[in-house]
There are 2 protein chains.
Amino acid sequence: MREPTEAGPDAAAGRGRAALVEGGVEFDDRDAALLRAVDATGSVAGAASDLGRSRSRALSRIETLEGAYGTLVERRRGGEGGGGSRLAASGRSLLDRYDRLQAVLAATAAVPETVLDGTVTAVDGELAVVDTAVGELSGLHGGDGDGADGGAESGWSGGIATGDAVQVRIGADAVTVNDAATAVDPDATSARNRLDGRVSRIDPGETVSTVRIAVGAAEGSDDAPDPDTEVVALITAESVDRLDLAPDDPVSIRWKATATRLVALAE
Amino acid sequence: MREPTEAGPDAAAGRGRAALVEGGVEFDDRDAALLRAVDATGSVAGAASDLGRSRSRALSRIETLEGAYGTLVERRRGGEGGGGSRLAASGRSLLDRYDRLQAVLAATAAVPETVLDGTVTAVDGELAVVDTAVGELSGLHGGDGDGADGGAESGWSGGIATGDAVQVRIGADAVTVNDAATAVDPDATSARNRLDGRVSRIDPGETVSTVRIAVGAAEGSDDAPDPDTEVVALITAESVDRLDLAPDDPVSIRWKATATRLVALAE
DNA sequence: CTTCGTTGTATCAGCATAGAGACAACGATA
DNA sequence: TATCGTTGTCTCTATGCTGATACAACGAAG
C-alpha cells in the first residue's frame, strides 16, 4: 500500500510516533501493518509475503504479541486451502485502539497549542492552580499516584508541588469562544477557566480557522496592551461566521480545567 | 542496562509510548534521559557514566540527534576541568516539547473517552458530519492532505469519505456540562455539538469526577430509555457541587467539533 | 611546560533481531 | 488415498546496535 513516504525527509517533520505498550511489548506500526495484512490476505504467509517480511519472523512476532495482548489471530492449519488465519475480534479492536491513539497523536501534533509559564500556587489532588501572566488558571497534572510515567528512567516527573515552575498547556481545540456581550452565567457551566480578551488575528482555513485572542494582563489600561500573551483557539469557519468574529472584537473564552495540562519545566 | 522494570506486568498496562520524530530520527525517552543527565553532570562523559551507558555511544547518539534537531548540547574540549558540555537552549526547549507530548499522551491514556460508531454523511475539508445513534455529530478527521501519517507502512488511512463507517472519539475532558434549565444561546458559543441527556452515574474522585450522561436516541419516549449510549464527561468535583449534579438530573452537554476526532474503522 | 579530564575518533567484540531456508504436521477437498 | 498450501518449529546467517577500549587533540590552571 501507501507509497514510499518513509524516505521523505520532512514527511514526518515535527510529528511524533506512538505505540501501545502492554506487558513490556510494544504494538508498533509494523505490527499494525502485519495484522492488517493478515486480515487482507487471510494467512500469515500471505501477509508476510505482501509486506516483504519473512514468514518465520512474522509468526513469532504474532506469538510475542499474543503473549502480551491475548489472542489476536485465529490460526488454523490444514483444511481448505491448506489452512489460513483470520483476524480475531480482539485483534480488530486492538487495531481500532491503535488507530484512535494514532488519531489523537496526529491531532495533538496538528492542533496549535498555547503554552504559558507559571508558578503553582495550590495543589489539590490531581488538580492544581497556577499563577500566570493572565491570572490564575487551574489544570490537571499527570501525577496520578506513581505509575504515571511510561518511560523507564527518562527522569520525567509528573509530580508537582506548590512553588514549582510549570508550563500550562492548553490545546487550541479545547478553547471555547463566546460572544463577550452574551454573558454566560458562570455557575451554569462546568468550564472553569475563563478569560476576556480581544481577537488579535484570525487565520482562516478551509473549514477550520485558528483564532488568536490577546489576553492582556492589565485589565483597565487600553493604551498599554500586552501583546505577549495570546491564547489560540481552533474554531470551525462556520462558528467564526456565526459569531461574526473579526480582529479587535471583544470576546470571552473559556476552557475546562480538565482539558488543561500542567508540565513541570526542565530545570 | 535498563533495570528490570520491563518485567512489571502492569507497570505500563494500557499505556502507550510516544517519541518525537524529525528527519527520520526518533527522540526517545532514552534520549531525554541522556540530555537531562548532560544537564545535570555538565559533561557527556559524566552523563554516560551516570546512566551506565558507554560514552562513545552517548556521544554519537547526540551527534545523530543534532543532525536532525539542530544543536542540542554545547560541547567544549580542553580548558577548566578538561572541558565539558552544557545543554543548549534549543536542547532545553526540545526537552520541554517532549515533556508536553508525554503529558498529552498520559492524559489521553488516563482520561476516559466516549467512542460512538457512525456513518459519515458529509465531508467538508477537515470537517465531517457523522450520523450516530444519538444524532448527527461533527468532528475533525486527520486527513490533512497526505503527510498525516507518521508511520511508514501501517496502512492507517486518515482519509474519510461519505458513507464510511467511522468511530467518533470524544475525550471526556472536552465535554462541557451545562444546567439544562439555564439554556445557553446556541449562537453565542463556538461549541457546536450539543446533546440533552440525564446524568446516569457519577464516579466521584478526589478532586475530579467522572460523570456519565445517558443520551437516549428517542427523545419523546420516557419509558423506553436507551441505556446503551452514554457520553462521559470529566468534571472537577467543585463543578459537580456548583451545578448540584445528581443521578437522573437533566443536563445539557456540549463539545467542540474541533475536539472530536473521527477514526476510520478497521474493515 | 606539565597536568588534567574532557571531547573527538577509531576499532573490536558481543548481543539482539532480522531474513532465508528446510522439513514435519495438519486437514478439507478432489 | 493423494494433493495442496498453510501452520508450527528448527537451524543458519547477516545486519545493526551497544558496550569496551584505546589514543590523539584540546586548552585553562598551576
Side-chain angles (χ1 to χ4, degrees), chain A residues 6 19 24-35 37-68 71-88 91 152-153, chain B residues 1-7 19 24-35 37-68 71-88 91 152-153:
Chain A
E6 76 274 6
V25 179
E26 273 192 31
F27 186 84
D28 218 343
D29 54 344
R30 270 174 74 91
D31 300 320
L34 180 58
L35 288 197
V38 168
D39 191 34
T41 64
S43 76
V44 177
S49 166
D50 264 24
L51 297 177
R53 300 168 57 178
S54 76
R55 187 181 66 87
S56 53
R57 280 295 142 189
L59 199 54
S60 74
R61 179 60 185 168
I62 289 180
E63 283 172 350
T64 301
L65 289 175
E66 290 188 324
T71 303
L72 299 177
V73 173
E74 286 167 1
R75 289 165 290 173
R76 192 186 68 243
R77 85 172 151 179
E80 180 178 4
S85 297
R86 284 194 321 123
L87 194 57
E153 67 269 306
Chain B
M1 283 334 78
R2 194 167 279 275
E3 43 336 287
T5 49
E6 75 271 9
V25 179
E26 275 192 30
F27 187 83
D28 217 345
D29 54 343
R30 272 174 72 93
D31 300 319
L34 180 57
L35 289 198
V38 168
D39 191 34
T41 64
S43 75
V44 177
S49 165
D50 265 23
L51 297 176
R53 299 169 58 179
S54 77
R55 185 182 68 88
S56 54
R57 279 299 140 188
L59 199 54
S60 73
R61 180 60 185 167
I62 288 179
E63 283 172 351
T64 301
L65 290 174
E66 290 189 325
T71 303
L72 298 177
V73 173
E74 287 166 1
R75 291 164 289 174
R76 194 186 66 242
R77 85 171 152 180
E80 180 179 5
S85 298
R86 282 191 325 121
L87 194 57
E153 68 270 307

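Order of the sequence lines sets the chain letters (A, B, ...), proteins ahead of strands, with each chain counted from 1.
- Residue A:Ala45 places its side chain closer to D:dT6 than to any other of D:dT6, C:dG8, C:dG19.
- Distance CD (A:Glu63) to P (D:dT9): 6 Å, rounded to an integer number of Å.
- Here the P atom of nucleotide C:dC15 and the CZ atom of B:Arg53 are 19 Å apart, to the nearest Å.
- Side-chain contact between B:Leu34 and B:Leu51: present, with at least one pair of heavy atoms (C-beta onward) separated by less than 4.5 Å.
- Near DNA chain D, meaning a heavy atom under 4.0 Å from it, residues 75-83 of chain B has B:Arg77, B:Gly78, B:Gly79, B:Glu80 in order of number.
- B:Thr64 has its side chain within reach of B:Val25: a pair of non-hydrogen atoms, C-beta onward, lies under 4.5 Å apart.
- Here the CZ atom belonging to B:Arg57 is positioned 13.0 Å from the CD1 atom belonging to B:Ile62, to the nearest 0.5 angstrom.
- Within the nucleic acid shown, A:Arg55 comes within 4.0 Å of at least one base atom, counting heavy atoms only.
- A:Arg61 places its CZ atom 17 Å from the P atom of D:dG8, with the value rounded to the nearest Å.
- What separates CD of B:Glu74 from P of C:dT7 is a distance of 13 Å, to the nearest Å.
- Per the geometry, CG belonging to A:Leu65 stands 13 Å off P belonging to C:dT17, to the nearest Å.
- Here the CZ atom belonging to B:Arg55 is positioned 10.5 Å from the OG atom belonging to B:Ser60, to the nearest 0.5 angstrom.
- Residue A:Gly84 is the one, among A:Gly84 and B:Ser54, whose nearest nucleotide of DNA chain D lies closer to the 5' end (criterion: closest heavy atom).
- Between B:Arg53 and B:Arg30 there is a side-chain heavy-atom pair separated by less than 4.5 Å.
- The backbone N or O of B:Asp28 lies less than 3.5 Å from a partner atom in the side chain of B:Asp31, making a donor-acceptor pair.
- Residue contacts for A:Ser85: at a heavy-atom cut-off of 4.0 Å it reaches the sugar-phosphate backbone alone, with no base atom in range.
- At whole-Å resolution of the value, CZ in B:Arg86 and P in C:dT6 are 17 Å apart.
- Both B:Ser56 and B:Gly46 lie near DNA chain C, and the one whose nearest nucleotide falls closer to the 5' end is B:Gly46.
- B:Glu66 contributes a side-chain N or O that, together with a main-chain N or O of B:Leu72, makes up a donor-acceptor pair within less than 3.5 Å.
- In this entry the distance linking CG of A:Leu59 with C1' of C:dA18 reads 15 Å, nearest Å.
- Nearest-nucleotide mapping onto DNA chain C: of B:Arg57 and B:Ser43, the residue sitting toward the 5' end is B:Ser43.
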